[in-house]
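Down below is the structure, laid out as structure tokens.
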Amino acid sequence: MESRRQLKMARVIRDSVSSTISNRLSDPRITGLVSITEVDISPDGKNATVFLSIFAVDEPAAKKTFQAIQHAIGPIQAALGRDIPGRNC
């Protein structure tokens, strides 16, 4: 069972990552709709796993979008560090 703090952090991470992908990334390979479906946070709050769903025109476009998001992990983590106040960011 997740604590309220974990649920709150998951919500903040979900909102920050979603905002970063939709507003801050300008990669032309990102097409279609990218939705953050779930965020799992470790009990100590140091690690988080973000699950996403990509709705694209076809499978190759979805794969290109996923590759573009993987390529942009650094900027996404930097934006997340700016958006989340705390010791573990």
Side-chain angles (χ1 to χ4, degrees):
M1 176 117 186
E2 293 184 343
S3 67
R4 275 191 279 163
R5 178 164 174 75
Q6 285 176 309
L7 294 173
K8 182 179 178 182
M9 288 297 291
R11 186 174 51 247
V12 171
I13 290 171
R14 185 186 69 228
D15 293 344
S16 175
V17 171
S18 177
S19 172
T20 301
I21 290 172
S22 63
N23 298 329
R24 296 180 186 168
L25 297 182
S26 60
D27 194 324
R29 296 178 293 175
I30 298 177
T31 59
L33 177 68
V34 178
S35 175
I36 308 300
T37 57
E38 185 180 353
V39 177
D40 286 339
I41 298 181
S42 65
D44 62 358
K46 291 184 179 181
N47 296 312
T49 304
V50 177
F51 297 92
L52 53 93
S53 179
I54 300 171
F55 299 102
V57 176
D58 54 2
E59 189 67 26
K63 287 183 180 183
K64 284 184 181 179
T65 298
F66 187 69
Q67 289 173 349
I69 291 171
Q70 282 184 320
H71 183 73
I73 290 293
I76 292 171
Q77 287 177 343
L80 190 59
R82 283 191 301 270
D83 292 345
I84 297 178
R87 176 189 262 174
N88 295 330
C89 297

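- Within 6.0 Å of CZ on R24 lie more than 12 heavy atoms contributed by other residues, nucleotides or ligands.
- Under the 4.5 Å side-chain heavy-atom criterion for Ile, Leu, Val, Met, Phe, Trp and Tyr, V17 and I84 are members of the same hydrophobic cluster.
- Looking at V50 and I36, their side chains come closer than 4.5 Å, going by heavy atoms from C-beta outward.
- Under the 4.5 Å side-chain criterion, counting only non-hydrogen atoms from C-beta, T31 is not in contact with V57.
- No side-chain heavy atom of D83 sits less than 4.5 Å from a side-chain heavy atom of D15.
- The minimum heavy-atom distance linking A56 with A62 is given by the pair CB-N, 3.6 Å.
- T20 and A79 make their closest contact through OG1-CB, 3.5 Å (heavy atoms, listed as atom of the first residue, atom of the second, distance).
- Counting only distance, with no hydrogens or angles, the side chain of S35 and the backbone of I54 share no donor-acceptor pair below 3.5 Å.
- Within the model, atoms CG of L25 and OG of S19 stand 10.0 Å from one another, a figure rounded to the nearest 0.5 Å.
- None of N47, I13, L7 except one satisfies the side chain to side chain contact (heavy atoms under 4.5 Å, CB included) rule with I41; the exception is I13.
- Note that CZ of R14 is 13.5 Å distant from CG of L52, once rounded to the nearest 0.5 Å.
- For the residue pair S42 and K46, the shortest heavy atom distance occurs at OG-N, 3.4 Å.
- Looking only at distances, a side-chain donor or acceptor of S22 sits under 3.5 Å from a matching main-chain atom of S18.
- Side chain of Q77 to main chain of G74: no donor-acceptor pair is present (N/O by atom type, distance under 3.5 Å, no hydrogens or angles).
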Give the intermediate values and the outcome of side chain to side chain contact (heavy atoms under 4.5 Å, CB included) for residues I21 and I69. CA-CA 8 Å; I21 290 172; I69 291 171; 4.3 Å; yes
